[in-house]
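To start, the structure under review is shown below, and the notes come after it.
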Amino acid sequence: MDALGRAADKGAAVCELGRVLAPGGRVVMTRSLRRGAEPAWEAQARTAGLVVEHVDERPAEPGVWERLYRLWAVHADELRRELGEVQTQSMLREAREMLPTLPGRRAVLLTLGRPATGDRRPATGDRRPATGGRSGRGR
């Protein structure tokens, strides 16, 4: 939830999600766009071998983030006591960076799916190592 926006290479991150998703599986993720930007998720999903099954518009979400970021600033002293200086500064920096980007932002919840059919050969990291020993039959 809300992690993909911080990925250095969103296309590569979606490809990794596609690599580990089982045939017939789904992944749900949040995405957001600046005003006037064209969404890249269709092309990213296709490249990852996934399909966009559903796009849920979330028009109230930028307002929720705005309220949260403003509350962080108002309650910074309490955050410092509870979380420490380093975490509080990280949160306040995020708030300062993100607040100006929220007006006009489009937020969506995407459902991406891997088709249940078709040949999906496992990548090296998808295979379990062979084990020596007996098969377990006859126990």
Side-chain angles (χ1 to χ4, degrees):
M1 195 64 128
D2 296 324
L4 193 62
R6 298 284 186 188
D9 184 339
K10 292 170 187 58
V14 172
C15 282
E16 181 63 11
L17 290 170
R19 184 187 72 78
V20 300
L21 193 63
R26 290 187 174 93
V27 63
V28 178
M29 65 179 64
T30 56
R31 296 294 297 266
S32 62
L33 295 169
R34 290 181 309 276
R35 180 182 299 175
E38 288 296 317
W41 52 72
E42 284 282 349
Q44 290 169 342
R46 193 172 33 259
T47 298
L50 303 172
V51 295
V52 176
E53 293 182 354
H54 197 73
V55 178
D56 288 303
E57 298 291 336
R58 301 178 52 85
E61 188 171 307
V64 170
W65 282 107
E66 180 179 2
R67 178 157 168 67
L68 178 66
Y69 289 144
R70 293 191 189 288
L71 285 169
W72 287 355
V74 167
H75 297 280
D77 290 337
E78 293 170 61
L79 290 172
R80 281 186 186 90
R81 282 192 300 275
E82 293 289 325
L83 304 173
E85 185 65 29
V86 172
Q87 182 61 39
T88 300
Q89 285 305 314
S90 176
M91 292 167 69
L92 294 174
R93 183 174 38 258
E94 178 182 333
R96 281 191 306 274
E97 291 171 2
M98 295 304 295
L99 272 168
T101 71
L102 294 174
R105 196 150 186 92
R106 177 183 177 199
V108 300
L109 187 70
L110 292 177
T111 303
L112 306 179
R114 171 168 296 290
T117 59
D119 182 27
R120 178 179 180 252
R121 299 188 192 282
T124 304
D126 289 345
R127 292 190 209 113
R128 291 181 54 179
T131 58
R134 298 176 28 181
S135 68
R137 285 186 286 175
R139 287 188 184 171

Are Arg26 and Thr111 linked by a side-chain donor-acceptor pair shorter than 3.5 Å?
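Checked: Arg26/Thr111 side chains show no N/O donor-acceptor pair below 3.5 Å.
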Nearest 0.5 angstrom please: [X] [atom1] to [Y] [atom2], how far?
X: Leu109; Y: Asp56; atom1: CG; atom2: CG; answer: 5.5 Å
X: Thr30; Y: Arg58; atom1: OG1; atom2: CZ; answer: 8.0 Å
X: Trp72; Y: Leu99; atom1: CH2; atom2: CG; answer: 9.5 Å
X: Gln89; Y: Met91; atom1: CD; atom2: CE; answer: 11.0 Å
X: Leu110; Y: Glu53; atom1: CG; atom2: CD; answer: 11.0 Å
X: Glu61; Y: Arg105; atom1: CD; atom2: CZ; answer: 10.0 Å

ILVMFWY cluster, Leu83 and Leu68 together (side-chain gap under 4.5 Å)
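Yes: a chain of side-chain contacts under 4.5 Å links Leu83 to Leu68.
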If you group Ile, Leu, Val, Met, Phe, Trp and Tyr by side-chain heavy-atom gaps below 4.5 Å, do Met29 and Val51 land in one group?
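Result: no, two separate clusters.
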Counting only N and O atoms by type, is there a donor-acceptor contact under 3.5 Å from the side chain of Ser90 to the main-chain atoms of Val86?
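No; judged by distance alone, with no hydrogens or angles, the pair does not exist.
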If you compare all heavy atoms of [X] against all heavy atoms of [Y], which two are closest, and at what distance to 0.1 Å?
X: Ala48; Y: Arg114; value: O-NH2, 3.4 Å
X: Glu38; Y: Leu33; value: O-CD2, 4.2 Å
X: Tyr69; Y: Leu102; value: CD1-CD1, 4.1 Å
X: Thr101; Y: Glu97; value: CG2-O, 3.7 Å
X: Ala76; Y: Leu92; value: CB-CD1, 4.0 Å
X: Lys10; Y: Leu4; value: CG-O, 3.6 Å

Check whether any side-chain heavy atom of [X] lies under 4.5 Å from a side-chain heavy atom of [Y], and answer yes or no.
X: Arg31; Y: Gln44; value: yes
X: Pro39; Y: Arg106; value: yes
X: Leu112; Y: Val52; value: yes

CD (Glu82) with more than 12 external heavy atoms under 6.0 Å:
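No.
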